[in-house]
Every structure is written in C-alpha cells, then in structure tokens.
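Heads up, the thing below is written out as structure tokens.
Please read these numbers as outputs of a predicted model, since none were measured by experiment. Each ligand, and each atom within it, is numbered from 1 in the order the structure gives.
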Amino acid sequence: MITAETMLARKSVRSYDGRPIEAETLEKVKGFADRIQNPFGIPVRFVFLDAKEKGLSSPVLTGEPLYVAGKVDKVPYGDVAFGFAMEELLLFAWSLGLGSVWIGGTMKRELFEKAAGLEAGERMPCVSPLGYPAAKRSLRETVMRRGVGADGRLPGEKLFFNGDFGAPLSGKALEPWNELLELVRWAPSAVNRQPWRVVLQGGRFHFYLKHDKGYTSDAVGDMQKIDLGIALCHFACALEERGCEAAFLTEDPGLPCPADTAFIAGFHVPAKRD
Ligand SMILES: Cc1cc2nc3c(=O)[nH]c(=O)nc-3n(C[C@H](O)[C@H](O)[C@H](O)COP(=O)(O)O)c2cc1C
C-alpha cells in the first residue's frame, strides 16, 4: 500500500549515485509494475531499460542506472490512466528507497520509443529514471527546481472548492478532508503547473483540469491529463490507506466551470456509518 508518508516525502530526483539497483529490489518493482491497476481499466505497460546498454540519457540527469518507460494505447483517457498507473509505480519505488522523476520533455524521445519497442497505436508519454539518489543534487538540478518552484505548491483555496467553483473549501467543510487533499496538493505535475481543481459536492470529489496552452501533442497525448491521473492516484492511495470505500465517477456533474476547465473524473466517498 502507498502511504501518506511516501506521498509527502517524495521529490523528483535528477542526480543519482550511479549504483545499479539491487536485484531483489528491482524484482519487487517489476512485480508491482505487472500488477498495477487503474480505475479506467486501460492497460499501462512498463518496460525497464538499462541506461548504458541501451545508450539512454537525459540532459537533466546524472548517474541514472536504469529507466522505466510506460506505454498505453491511444484511446480516450489513456493519458489519465497512464498518469495514475505510473505514479503508483514511482511511489512504490520511492518506498523502497529508489528515486525517480517524470520525464516527458527533456529526452530524445525517438531513442526511448525505439528502446521501449513502441508499436503502432501506442504512446510512450513519459519515462523515468530509477536509482539511488546521490548524496548531493547537481547544480543543474538545484537551478531547475528553483526555476519551477518545485518546493512550493498553490494554496488549497486556489485548488479545492465547496459545491461550486465560486466557494473555496475551507473551515468545517474542509476539516475532515484536509489531510487527504494535502496529498493531492503535493503531487508532482509537468513544470509544476498543478492543473488540478477539485469540487466537493455531497461526498463527491469532482476532479477538473484547468488547461494551459502547449501541453498536447500526438506523441504524448495531453501532458496535463497525465497530471490529473497523478492527482487521482494520490487521492485513491490516500482513500485506500484510510480504509475508505469509494466509487469511481466518470459522469460529468455539469457544474458551471471557469474558462479552459473541464471535468475529468472523480470519487464518491460515502459518509461512514457508525
Ligand atoms: C507529466 C510530467 C512530466 C514531467 N516532465 C519533466 C521533464 O521532462 N523534465 C524534468 O526535468 N522534469 C519533469 N517533470 C518533473 C516536474 O518538473 C516536477 O515533478 C515538479 O517540478 C515538482 O517537483 P517535485 O516532483 O520534486 O515535487 C515532469 C513531471 C510530470 C508530472
């Protein structure tokens, strides 16, 4: 199970110490990758690639021994399902002491797609290195983190709403859900844009995407829908840790939305009966 502790401790790692991953640890990660489910029921396939053997690198990384590439069919919600499944894998890897960072842009995509054996009708939206974090971050990594404000997140009142987009979720209404929503708030996203918005309505958490321009392409799909999948993954893991039964929702509740904002999916968390 992925814990709140793991989700709060996780940070992107771009500097590795060069050691290969211990065989037993790697087997656990591969086994987990084979079993991952997502609420969309869209299969996400993972391929593990030795960096040296396959000649793979990224200009933002140092010392990475291995990559994991994820592949998904070009189908509606494929990008969201991909974000969900790959985040669960990277969180599991973190819980075993392995660092990672989502890489959707800073790589030679064709080389990775070839190494991952991408087939017609499939996408390989992102990859991640996996390895043991170096004792010290590279200067480039420190500068990159500063550039995107990686150690900060938007305040909850800009992300979470009560009933409709006009009312931030706060006070008594927020209290029972605060810890859980914090885990969504601290999720990673492309360029740390945090495009997720959540409206709580009668125990239903509706997740919306506030779109920015420039995040869609045929090779990736919609990078910000991947971000939404990641946010949904954090929420689902938090529910599981608390033992909350929840129903997955795909029907748009039809709420009035701000510009460029669209419903993606949600969860109904029925009130617990004593
Ligand atoms: C879908 C996605 C794509 C990303 N692509 C890149 C990338 O190409 N290169 C990179 O250095 N970081 C990339 N990142 C990492 C983000 O910049 C990072 O998650 C964000 O700044 C927050 O920092 P944190 O993960 O340490 O909390 C990506 C993250 C996501 C979720």
Inset, instruction - Answer yes or no for Lys30 and Phe48: cation-pi contact, defined as NZ/CZ to six-membered ring centre under 6.0 Å and angle to ring axis within 45°. - result: yes
Legend entry - Where ligand 1 meets Val148 - atom numbers and elements under 4.0 angstrom, heavy-atom basis: 21 (O)
Inset, instruction - Quick one: look at Ile103 and ligand 1, take heavy-atom pairs under 4.0 Å, and tell me if it's side chain, backbone, both or neither. - result: both
Inset, instruction - Record the part of Arg14 in heavy-atom contact with ligand 1 below 4.0 Å; permitted values are side chain, backbone, both and neither. - result: side chain
Legend entry - Interfacing atoms of ligand 1 (cut-off 4.0 Å, heavy-atom, Lys11): 26 (O)
Legend entry - Protein contact to atom 13 (C) of ligand 1 [nearest heavy atom, distance to 0.1 Å]: Trp102 O, 2.9 Å
Inset, instruction - Could you see which bit of Asp151 sits under 4.0 Å from ligand 1, with heavy atoms only: side chain, backbone, both or neither? - result: neither
Inset, instruction - Examine Arg10 against ligand 1 and note whether any of their N/O atoms are separated by less than 3.5 Å. - result: yes
Legend entry - Those atoms of ligand 1 less than 4.0 Å from some heavy atom in Asp227: 1 (C), 31 (C)
Legend entry - Matching residue for Phe207 among Phe235, Trp196, Phe161 - test: ring pair (Phe, Tyr, Trp, His ring centres under 6.0 Å): Phe235
Inset, instruction - Could you list the atoms of ligand 1 found under 4.0 angstrom from a heavy atom of Ile230? - result: 31 (C)
Inset, instruction - Using a strict 4.0 Å threshold on nitrogen-to-oxygen distance, state whether Asp73 and Arg45 make a salt bridge. - result: yes
Inset, instruction - Could you find the nearest protein heavy atom to atom 25 (O) of ligand 1 and give me its residue, atom name and distance? - result: Ser12 OG, 2.6 Å
Legend entry - Where ligand 1 meets Pro188 - atom numbers and elements under 4.0 angstrom, heavy-atom basis: 19 (O), 25 (O), 31 (C)
Inset, instruction - With heavy atoms only and a cut-off of under 4.0 Å, state how Glu87 meets ligand 1: side chain, backbone, both or neither. - result: neither
Inset, instruction - Would you mind finding which of Gly104, Gly152, Ala150, Gly149 brings a heavy atom closest to atom 5 (N) of ligand 1? - result: Gly104
Inset, instruction - Considering only NZ, NE, NH1 and NH2 on the basic side and carboxylate oxygens on the acidic side, decide whether Asp79 and Arg123 come within less than 4.0 Å. - result: no
Legend entry - Selection from Ala187, Ser128, Gly105, Ser189 by shortest heavy-atom distance to atom 8 (O) of ligand 1: Gly105
Inset, instruction - Run the numbers for me: atoms of ligand 1, each under 4.0 Å from some heavy atom of Arg145, listed by number. - result: 26 (O)
Inset, instruction - Give the numbers and elements of all ligand 1 atoms closer than 4.0 Å to a heavy atom of Val60. - result: 11 (O)
Inset, instruction - Just say parallel, tilted or perpendicular for the rings of His206 and Tyr208, cut-offs at 30° and 60°. - result: perpendicular
Inset, instruction - Give a yes or no on whether the ring-centroid distance for Phe160 and Trp177 is below 6.0 angstrom. - result: no
Inset, instruction - Measure from the ring center of Phe248 to the ring center of Phe267 and say whether it is less than 6.0 Å. - result: yes
Inset, instruction - Before accepting this row, confirm whether a basic side-chain N of the pair Arg146/Asp151 lies closer than 4.0 Å to the acidic partner's carboxylate O. - result: no
Inset, instruction - Kindly determine whether His211 and Gln224 satisfy side chain to side chain donor-acceptor pair (under 3.5 Å), including the steps that lead there. - result: CA-CA 7 Å; His211 260 122; Gln224 294 196 307; 5.0 Å; no
Legend entry - Shortest protein heavy-atom distance from atom 9 (N) of ligand 1, along with the residue and atom involved: Thr106 OG1, 2.9 Å
Inset, instruction - Report yes or no: does a heavy atom of Arg153 sit under 4.0 Å from some atom of ligand 1? - result: yes
